[in-house]
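Note: hydrogens, waters and symmetry copies are ignored here, and every other heavy atom, side chains too, is used.
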Amino acid sequence: MKRTGMLCLVVLFMAALPRPVLGQHEMRGMTPRGGWRMVPMDPSMPMLPGLENAVPVVGPFMPGMGMDPSMFPEARPSAMVPMADGDTLDISVSMVRRTLNGHEMIMFGYNGQYPGPLIQAEKDATIVVRVTNEIEMPTTIHWHGVRIDNRFDGVPGVTQAAIERGDSFTYEVHVPDAGMFWYHPHVREDVQQDLGLFGNLLVTSPDPDYYGPAHREEVFVLDDMLMDEQGAIPWGDSAPTHALMGRFGNVMMVNGQTDYRLTAKRGEVVRFYLTNVANTRTFNVTFGGNAVKIVASDVGRYEREQWINSVVIAPAERYVVDVRFDDVGDVAISNTIQAINHFRGEFYPHVDTLSVVTVSEETADPTISKAFEELRVHAEVVADIARFRPYFDRAPDHELETTVRVRDLPQSMVIQMEADTMFFPPIEWNDGMPMMNWLSTGEQVTWILRDRETGAENGDIDWIFKVGDVVKIRVFNTPDSFHPMNHPIHIHGQRFLVLNKDGVESDNLVWKDTAIVPVGSTMDFLVEMSNPGEWMVHCHIAEHLHAGMMFSFTVEGS
């Protein structure tokens, strides 16, 4: 598919300017300025005139700049830590050594692991986690999706002071819901999370039949890293780079590995717990044509199990799916997308292999293989949600719209972007304008959540509720901004239902804490205000969050 009209005129205008258009091989040879290197680009993508020597207006940051990676311990794979009610876990946030895509580099780790420890606790337990910061930046831990005591939500300046280097903070984590949750920093997560600070918290149900039968379970943490032939591309020091679209990586990882492999028996049913910890990438996960059954998402199970073709998972979302591997041989678990080249206005299919499952001739227990064919209805979930159905059809209590404001960007970028927004994809699956995205920083780009009734933006929004309130929030993702972009909206401390998208009602509901709003779409969230305190709402694209796209609301106790 190609765009025409004004975009073609802009491209012709730019091509006529008396400036060189460099190919990828020429850009690689350009001398870096101020420690920056040119971001990797598609060889078919021309350089915009006037940007030949451009670098971000912020300085570059690399962890342990100037240090020898051999000074630091080699990171280890994640280990499971079962915890009973009242148990204490010590977590150190430290610098580690890792080799990714052939490059030895300094990264961060929780207890020296990638991902961090897989914490396992039973529903309604309270665990204690004592965190000590040993990295060069302040940090916190946010317990994503957990309806936690507000004091321990991990938001600096709201619920706690950031943990400075050498200091510690103790979190009491009460887990009222079964499901897969995760933990990560809430200080410059565009840097810290990308460098390895993330881990899962698996909360198990006392009901042994909570999920259907499966032969085994696998945790899949999806991520990407932006690298070139010298290693990782630096991050912005005082503000994020990639502020328009977020920092897309070009090296895919599962559980921190670039070559993650599994084995399975013929007919084996594997339960996958999927978590997306990437800064901005939304994955479309396929399982090689095998039957896939979706079971649960962020804060519990769906009303009923359902057959799906793929799993669309935005940053910070989790999904639980069961997959049966019927055919002997290698099966690719892939990210299968329609990519876009913004400069040329072209769509093209693109597939990245995330992992390979080798299925053997040996046959798995046929009883479980046969049980996989049943689609269970979760009566407990249906009854829980039924209590909220009287609120479904009422008018929204609040309406938000998303947009973006920019300043001081290079003129050639502005011209290109003004033409580019004549067409927009609902979801950006890839970075279709890598240099323009890299050059846009949090000092030039402000992403906005705006209250449509009051006009208040981001931190000026002031919503107050009471425990027990049920609040309907309508979110409209404006398609006519400078660069429309999908937004995974995360609400701290509460749970919500996605009632509809663009007027089409959801016919299989599940409790969420994060949901992606495509460009041009309107979505209704029904939020149960069950947890008192001051809580954040924000876009979970890390660069959008640190470019202003957040606010807090208050839930007063009963």
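Distance alone, capped at 3.5 Å, is enough to place a donor-acceptor pair between the S297 side chain and the R318 backbone. Of the possible donor and acceptor atoms, none in the side chain of D237 sits under 3.5 Å from a partner among the backbone N and O of F61. In this structure, H490 contributes its side chain and P488 its backbone to no donor-acceptor pair below 3.5 Å. Q193 places no side-chain N or O within donor-acceptor distance of the main-chain N or O of F198, the cut-off being under 3.5 Å. Put simply, the side chain of N255 gets close to the backbone of V221: a donor and an acceptor are under 3.5 Å apart. Listed for the D451 side chain is a donor-acceptor partner under 3.5 Å among the backbone atoms of E453. The backbone N or O of G154 lies less than 3.5 Å from a partner atom in the side chain of T140, making a donor-acceptor pair. The closest donor-acceptor contact from the side chain of T478 to the backbone of D480 lies at 3.5 Å or more, if one exists at all. For N531 (side chain) and I148 (main-chain N/O), a donor-acceptor pair under 3.5 Å exists by modelled atom type.
Considering only heavy atoms from C-beta on, V537 comes within 4.5 Å of F553 through its side chain. Considering only heavy atoms from C-beta on, I489 comes within 4.5 Å of L449 through its side chain. Two residues are said to be in side-chain contact when any heavy atoms from C-beta on lie closer than 4.5 Å; H483 and M245 meet this criterion. Contact check for F72 versus M67: side-chain heavy atoms found under the 4.5 Å cut-off. Side-chain contact between S78 and Y114 is absent, with no heavy-atom pair separated by less than 4.5 Å. Counting heavy atoms from C-beta on, the side chains of N486 and P426 never come closer than 4.5 Å. Using a 4.5 Å cut-off on side-chain heavy atoms (C-beta onward), I313 and V285 make contact. Here the side chains of M413 and L51 are in contact, with some heavy-atom distance below 4.5 Å.
Ion pairing between E134 and R165 fails under the 4.0 Å rule for side-chain N and carboxylate O.
Checked by atom type, the side-chain pair H538/H544 shows no donor-acceptor distance below 3.5 Å. No side-chain donor-acceptor contact under 3.5 Å links D502 and T522. Side chain to side chain, T402 and N477 meet the donor-acceptor criterion of an N or O pair below 3.5 Å. A donor-acceptor contact closer than 3.5 angstrom is absent between the side chains of N437 and H242. In this structure, a donor-acceptor pair under 3.5 Å is present between the side chains of H144 and T514. Using modelled atom types and a 3.5 Å distance limit, the side chains of D190 and N279 yield no donor-acceptor pair. Using modelled atom types, one finds no donor on one side chain facing an acceptor on the other under 3.5 Å when comparing T280 with E543. S70 and D68 are linked by a side-chain donor-acceptor pair at a separation below 3.5 angstrom, with hydrogens and angles left out of the test. Side-chain contact annotation: N150 with T159, donor-acceptor N/O pair under 3.5 Å absent. For the 3.5 Å distance criterion, the side chains of H540 and E317 fail to qualify, holding no donor opposite an acceptor.
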Begin with the C-alpha distance, continue with both residues' side-chain angles, and end with the deciding distance and a verdict on salt bridge (charged side-chain N to carboxylate O under 4.0 Å, His left out) for E401 and R474. CA-CA 8 Å; E401 63 182 0; R474 178 164 292 169; over 6 Å; no
Could you walk me through whether N284 and T336 satisfy the side-chain hydrogen bond (donor to acceptor under 3.5 Å, both in side chains) test, starting with their C-alpha distance in whole Å, then the side-chain angles of each, then the deciding distance to 0.1 Å, before giving a yes or no? CA-CA 6 Å; N284 183 44; T336 305; 5.4 Å; no
In sequence, state the C-alpha distance, the side-chain angles, and the governing distance for N133 and D167, and then conclude on side-chain hydrogen bond (donor to acceptor under 3.5 Å, both in side chains). CA-CA 6 Å; N133 181 18; D167 290 344; over 6 Å; no
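Other residues, nucleotides and ligands contribute over 12 non-hydrogen atoms within 6.0 Å of the CD atom of E136.
Aromatic ring centroids of H184 and Y110 lie 6.0 Å or more apart.
A pairwise comparison of heavy atoms in E428 and F248 identifies O-CZ, 3.5 Å as the closest pair.
Scanning for ring-ring contact (aromatic ring centres under 6.0 Å, His included) contacts around Y319 gives an empty result, with sequence neighbours left out.
Between Y348 and H350, the ring planes lie perpendicular to each other; the angle is over 60°, past the 30° to 60° tilted range. Using cut-offs of 30° and 60° for the angle between ring planes, the H142 and H186 rings count as perpendicular. By the 30° and 60° cut-offs, the orientation of the rings of W143 relative to Y183 is tilted. Using a 30° and 60° split on the angle between ring planes, F465 and W463 fall in the perpendicular class, above 60°.
Taken from CZ in R247 to CH2 in W438, the straight-line distance is 11.0 Å, to the nearest 0.5 Å. Atom CD1 in I541 sits 12.5 Å away from atom CD in E189 (nearest 0.5 Å). We find the CE-OG1 distance between M252 and T353 to be 10.5 Å, quoted to the nearest 0.5 Å.
For R281 and W429, the positive end is not near the middle of the six-membered ring at less than 6.0 Å and at most 45° from its axis.
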